[in-house]
Amino acid sequence: MKVRVTTQTLKFVIDLVQHVGDMLCKGTSRKKRIEYKGSVDLVTQYDRKSQRYIVRALKKHYPDFGILSEEAVSHRISEPVKWIVDPLDGTTNFAHGLPIWTISIALEVEHDIVLGVVYDPTRREVFHARAGRGAYLNRKKISVSRVKDLGRALLITGFPYDIRTSVDNNLDHFADFAVRSQAVRRLGSAAMDLCYTACGRFDGYWEKKLSPWDQAAGSLILKEAGGVITDFRGRPFDIYGDEVLATNGLIHRQMMKILLRK
Ligand code: IPD
Ligand code: CA
Ligand code: CA
């Protein structure tokens, strides 16, 4: 199926995330109702408010497209064309008043991501990409860094919500990279991690056990910025898969080697 992502569609999605972002910003200083989905996995009334607004707008303007959105909304999920939405990526930060969180919307057409938009309302930064047409930050073209030595690379990662109960919790890789790279950071928004790698603020990013909404938009932005994205073995990246390794390409093999160490 051929779906052309027009400038109009791009504008619609950018306007939508900006509107919702401003709405959420008003909530940052207000009291949040926090519910726990797991021992450390939380959700606030603002995740739900954001999702309600986004889903309503997408359904109204694109009634034939499916929607997969984090907070238990699936609408025509078997459609070959669907929106993949994280209404608030970085909920733990948001709930604590830490201004590092984003809104992420991607359009998937028969398993390919053709449009990705990630908005950071705190810094008013919109990252976007359309397949084959480059990646942009506030409409300026972006590209990955040129750092080629892992020892000089600034890396970013995250930890899964089962960190307390699973041994497969990424702490081993974190320790390995901490002593081999320039430094490792943990921001708490996977969508932002991918966009920051896309624009060269980070040189490499890895994480496990993410969901499609965490990485759909960011993965296209990273690719369109000239980055390389695979699983830990270098196999093609899958937003429904278990691993992501996203780099400037130059340090990809060096990172793979560490990730595959037993
Ligand atoms: C989380 C963030 C975080 C990542 C978690 C995600 P949420 O998303 O992207 O960086 O480490 O695994 O689940 O729950 O804030 O939408
Ligand atoms: Ca998320
Ligand atoms: Ca979320």
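Each ligand, and each atom within it, is numbered from 1 in the order the structure gives.
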*Asks:* Table please: side-chain donor-acceptor pairs of residues 167-176 below 3.5 Å, with sequence neighbours left out.
*Replies:*
residue: D168; atom: OD1; partner: K208; partner atom: NZ; Å: 3.2
residue: D168; atom: OD2; partner: K208; partner atom: NZ; Å: 3.2
residue: N169; atom: OD1; partner: L171; partner atom: N; Å: 3.2
residue: N169; atom: ND2; partner: I163; partner atom: O; Å: 3.2
residue: N169; atom: ND2; partner: S166; partner atom: O; Å: 3.3
residue: N170; atom: OD1; partner: W206; partner atom: NE1; Å: 2.7
residue: N170; atom: ND2; partner: T157; partner atom: OG1; Å: 2.9
residue: N170; atom: ND2; partner: G158; partner atom: O; Å: 2.8
residue: D176; atom: OD1; partner: R261; partner atom: NH2; Å: 3.1

*Asks:* Are L58 and L16 close enough that some pair of their side-chain heavy atoms sits under 4.5 Å apart?
*Replies:*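 SC-SC contact between L58 and L16 confirmed.
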*Asks:* What are the two closest heavy atoms between S189 and T102, and how far apart are they?
*Replies:*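 Shortest heavy-atom contact: OG-OG1, 3.0 Å.
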*Asks:* Side-chain contact, heavy-atom cut-off 4.5 Å: E224 with F127?
*Replies:*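 Of all side-chain heavy-atom pairs linking F127 with E224, none is under 4.5 Å.
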*Asks:* As a test of reading the model: which residues have a non-hydrogen atom less than 4.0 Å away from ligand 1?
*Replies:*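 Within 4.0 Å of ligand 1, protein side: E70, D86, L88, D89, G90, T91, G158, F159, Y161, R186, G188, S189, A190, E207, L210, D214.
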*Asks:* Do the non-hydrogen side-chain atoms of E79 and F65 ever get within less than 4.5 Å of each other?
*Replies:*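 SC-SC contact between E79 and F65 ruled out.
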*Asks:* Going by atom types only, do S50 and D47 share a side-chain donor-acceptor pair under 3.5 Å?
*Replies:*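 D47 and S50 do not have a side-chain donor-acceptor pair below 3.5 Å.
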*Asks:* Give a yes or no on this: more than 12 heavy atoms of other residues, nucleotides or ligands lie within 6.0 Å of atom CZ of R186.
*Replies:*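 More than 12 within 6.0 Å, yes.
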*Asks:* Can you name the salt bridge (charged side-chain N to carboxylate O under 4.0 Å, His left out) partners of R48, sequence neighbours left out?
*Replies:*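 E35.
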*Asks:* Under 30°, 30 to 60°, or over 60°: which ring-plane class applies to Y240 and H111, parallel, tilted or perpendicular?
*Replies:*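 Correct class here is perpendicular.
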*Asks:* Take the Ca ion (ligand 2) and tell me which protein N, O or S atoms are nearer than 3.0 Å.
*Replies:*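 Those protein N, O or S atoms (cut-off: under 3.0 Å from the Ca ion (ligand 2)) are D86 OD2, D89 OD1, D214 OD1.
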